[in-house]
Structures are given as C-alpha cells and as structure tokens.
Amino acid sequence: MIPRVVNSLRAGRPFKFDNGQSALKWTIGLGTVAVAAATATGFMYHNRTEELSQNKFIKYRVSYNKPIDQDHFFLELSPLKRQKTNIWTDFGANKLWSVEVKQPQIMVARSYTPLPLEHTGNDQLRVLSNNDFGEGKLFFYIKRYSNGEVARWLSGLPVDHIVEIRGPYADYVFPNLDEDDTVGCDRRFLMEEGDSWSCNAQYLHRPFDISMFTAGTGIVTALQLALKPNPFQGNIMLFHSCGNLLELGPLANFLIKLQLHGKLQLHLFESQKNTDLRSNIQQTLSMIPPPSVYDPEAPFENRDQFMPVLSLVCGSSGYISTVAGPMHSLEQGPVEGLLKQREWTDENVYKLN
Ligand SMILES: Cc1cc2nc3c(=O)[nH]c(=O)nc-3n(C[C@H](O)[C@H](O)[C@H](O)COP(=O)(O)OP(=O)(O)OC[C@H]3O[C@@H](n4cnc5c(N)ncnc54)[C@H](O)[C@@H]3O)c2cc1C
C-alpha cells in the first residue's frame with residue numbers, strides 16, 4: 001500500500017500570488033519517514049537565505065532560452081549567487097520536485113519541473129553527472145500556450161534577463177525508497193556517445209518498478225526521474241502521449257538512450273501519426289501490466305520481469321480521466337479508466353495535474 005499524507009511543506013507555505021493553479025494541485029503521497037526527511041530538508045532550505053528557498057524569491061538570470069517549435073521551448077536559469085546545495089542529491093533524491101517562477105507584472109507564479117540538464121553552448125545539452133549540480137542551474141522544458149500568461153512571457157525573455165524563483169517543492173515523495181539504496185549504476189551512456197556502457201544497476205533492496213503515464217509536458221516528471229544523478233531505484237515503463245516526438249527536441253535522444261540501455265520501456269502515442277491510447281483500447285490494456293506488491297524488506301534480486309508497484313499519471317484533466325479517472329478538485333478521486341480495468345486501485349495510483 002502507498003501511504004498518503006498531504007504535503008505540509010507545500011500546503012503550509014504562505015502563498016501571495018494568485019497562480020491560477022492550486023498550490024495543492026499536486027498533492028503528495030508520503031511515508032512517515034519521508035515526511036520527516038522532507039520537513040528536515042525544508043527547514044534547511046528556509047535557513048539558507050542565499051540559497052534557493054521556499055520562503056523567499058531568489059534572483060536567477062536567463063542563461064539559455066531556445067524555441068523547439070512554435071509551442072515548446074527550453075529555458076535555463078542560472079543563480080546570480082553560486083549555490084552551495086546540490087539540490088539533486090540533497091532534496092530531489094527520492095522526490096519529484098518543482099520550483100515556482102514569478103511573473104512580476106501580473107503577480108502570478110507558476111510551477112515548473114527542472115530537468116538534470118545544462119546547456120553547454122551551441123545548443124548542446126549535457127546530463128548532470130553524479131557530483132555535479134551545475135552550480136545550481138535549473139533547466140526546463142516548457143509548453144507555451146498562445147493565451148497563457150507565464151509560459152508565453154518566459155518564452156520571450158532574452159539571455160541575462162533576471163527572473164525570481166522559489167522552491168524547491170516536493171510534488172511527490174516516493175515511499176519505501178532508501179536514498180542510499182543504489183549500489184552501482186554507470187550513467188555514462190547518458191553523457192557520452194557509444195553503446196558499450198553497462199547500466200545494470202544493483203540495489204540493496206528489491207527494485208521499485210513504476211509505470212508512468214504522461215501527456216505533453218507531463219513527460220518532465222518521467223525525465224526528471226529517469227535522468228537524475230541519483231538513479232531511480234527501479235525500472236520505469238513510460239506511456240507517453242504527444243502530438244509528435246519531435247516536440248521534445250533533443251530530449252527525445254535521452255528517451256531513446258534510456259530505452260536502449262534498458263532503463264526505460266517506452267510506449268509512444270503520437271496523435272499526428274494517429275496513434276492514441278484510446279484508438280485501440282484492448283491493445284492499450286494489453287500493454288499495461290497489472291500491479292505487483294512491493295516488499296521493502298526483500299533483498300535485491302536480478303530479474304527480467306517488470307513488476308510495477310506504483311502508477312503515476314501526469315497530464316491534462318482529460319488525459320488523467322482517461323487513464324485513471326477524474327480528479328475531484330484537489331482530491332485524487334477514485335481510480336477508474338484504463339488503470340482500473342487492469343486492477344490498479346486507489347492504493348497504488350497517483351495523479352499529478
Ligand atoms: C508541480 C507542477 C509542475 C509543472 N511543471 C511544468 C513544466 O516543467 N513545464 C511546463 O510546461 N508546465 C509545467 N507545469 C504547468 C505550469 O505550471 C503552467 O500551468 C503552464 O505553464 C501554463 O501557465 P500559463 O500561465 O502559461 O498559462 P495560463 O494563463 O495558466 O493558461 C492559459 C491557457 O492554457 C491552458 N492550459 C494551461 N495549462 C494547461 C495544461 N497543463 N494543459 C492544457 N491546457 C492548459 C488553460 O486552460 C488556458 O486556456 C507544471 C505545473 C505544476 C502544478
């Protein structure tokens with residue numbers, strides 16, 4: 001069973017801006033230990049005023065802003081003051097997390113999910129290595145809505161423009177995961193060309209396999225998890241729906257590498273190629289594995305079989321309804337849709353909208 005507690009860090013913080021999306025939209029499932037860990041980390045961030053903080057907006061400058069197509073762009077923000085904290089290992093090890101960007105003219109803030117990447121010049125992207133956190137740079141993949149307030153504004157900002165951000169906020173905390181669980185995983189296949197790198201991760205405990213269902217920019221959750229410096233302690237099966245894979249730009253290469261090296265099994269649905277989760281429901285259902293039970297005490301075992309213990313669903317309201325039933329305002333709502341048909345329940349599905 002996946003225990004659920006509303007994230008007090010996110011719910012309890014003062015929120016001055018009408019951000020058009022609830023601070024509680026992505027409520028959290030937390031185990032008791034994870035609550036303590038997140039709270040402790042939260043206090044740490046509060047106390048370091050020079051560091052990225054949940055309490056105060058900190059100035060960053062735009063260090064890269066690149067359109068991918070008319071509707072999507074990359075944005076890299078660099079702190080004005082070098083950060084001391086490796087946010088990826090200190091805060092983000094067992095969480096999905098985001099930061100808020102403030103739009104000063106209309107006084108709203110929106111959440112964005114950093115990816116462990118940095119721009120190295122000439123439109124080249126690099127995955128952050130294990131002890132490298134790019135001195136606090138944050139890299140985002142963002143959709144620009146033609147009538148949207150903040151993403152449209154961000155897409156037009158020139159390099160060196162100053163923006164203010166705060167965070168990090170935990171959007172989902174993985175229960176039962178020991179942050180030091182990974183014994184070995186060679187991530188060089190993500191950083192260098194060549195197919196020879198082995199990435200057979202060894203863990204102390206049984207792998208925590210998960211299924212992820214993402215649509216559009218919801219894929220940032222899967223990419224954050226799959227690319228982060230502390231590798232996720234399990235395998236990921238990703239069902240991704242989008243217009244066309246090209247809208248990911250160079251991020252598509254990372255997906256392909258992860259797939260080639262067995263870190264991610266990708267099922268892609270591109271509407272421009274007339275593939276859709278809903279077009280052949282029986283076929284889609286046959287791809288979705290039913291849930292397995294996770295025993296956190298069980299020792300590591302080498303196994304070929306993918307045995308998911310959690311399904312995360314991230315996308316628009318309509319997409320979430322199809323896959324896992326509608327959310328009811330801030331509430332998760334009962335699990336319905338495709339996942340219910342494959343025996344998934346309220347205990348092992350989490351919706352992020
Ligand atoms: C925790 C969290 C993390 C997020 N991470 C990212 C991220 O990494 N990248 C990213 O691009 N976005 C992300 N988002 C969404 C982001 O916060 C904004 O909601 C989004 O950028 C739209 O804001 P806006 O001000 O541009 O548009 P708004 O002014 O809020 O909306 C304008 C129009 O766009 C439509 N719209 C807005 N959002 C959506 C949506 N998700 N699906 C369909 N239609 C929509 C609205 O219906 C409206 O018609 C995240 C949201 C949350 C809660």
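For reference, positions follow the sequence shown, starting with 1. Counting starts at 1 for both ligands and their atoms, in listed order.
- Residue Val220 touches ligand 1 through its side chain alone, judged by heavy-atom distances below 4.0 Å.
- With distances taken over non-hydrogen atoms, the option nearest atom 51 (C) of ligand 1 out of Ser111, Ala151, Gly167 is Ser111.
- Side-chain atoms of Gln103 do not come within 3.5 Å of backbone N or O of Glu149 as any donor-acceptor pair.
- Note: His72 and Tyr141 meet the aromatic proximity criterion, with ring centroids under 6.0 Å apart.
- Those atoms of ligand 1 that come under 4.0 Å of a heavy atom in Thr217, given as number and element, are 10 (C), 11 (O).
- By the 4.0 Å N-to-carboxylate-O rule, Asp160 lies close enough to Arg61 to be salt-bridged with it.
- Contacts between Tyr169 and ligand 1, counted as non-hydrogen atom pairs separated by less than 4.0 Å, are absent for every part of the residue.
- Residue-level proximity to ligand 1 for Thr113 is carried by backbone and side chain together, each with a heavy atom below 4.0 angstrom.
- Around the CD atom of Gln283, the shell of radius 6.0 Å holds no more than 12 heavy atoms that belong to other residues, nucleotides or ligands.
- Asn235 contributes no side-chain N or O that, together with a main-chain N or O of Ile210, makes up a donor-acceptor pair within less than 3.5 Å.
- No donor-acceptor contact under 3.5 angstrom links the side chains of Thr120 and Arg126, judged on distance only.
- In terms of polar-atom proximity, Asp171 is not counted as a contact of ligand 1, lacking any N or O under 3.5 Å from an N or O of the ligand.
- Within the listing of ligand 1, atoms 7 (C), 8 (O), 9 (N), 10 (C), 11 (O) sit less than 4.0 angstrom from a heavy atom of Tyr141.
- The option from Glu149, Arg110, Arg152, Gln103 that lies nearest to atom 30 (O) of ligand 1, judged by heavy atoms, is Arg110.
- Between Tyr112 and ligand 1, an N or O atom pair is found at a separation short of 3.5 Å.
- Distances below 4.0 Å separate heavy atoms of Ser98 from the following atoms of ligand 1: 1 (C).
- Judged by the 6.0 Å distance and 45° axis criteria, Lys95 is positioned over the aromatic ring of Phe91.
- Contacts between Asn147 and ligand 1, counted as non-hydrogen atom pairs separated by less than 4.0 Å, involve both the backbone and the side chain.
- Of the polar atoms of Val150, at least one N or O is found under 3.5 Å from an N or O of ligand 1, judged by distance alone.
- Residues Asp123 and Tyr64 bring a donor and an acceptor atom of their side chains to less than 3.5 Å of each other.
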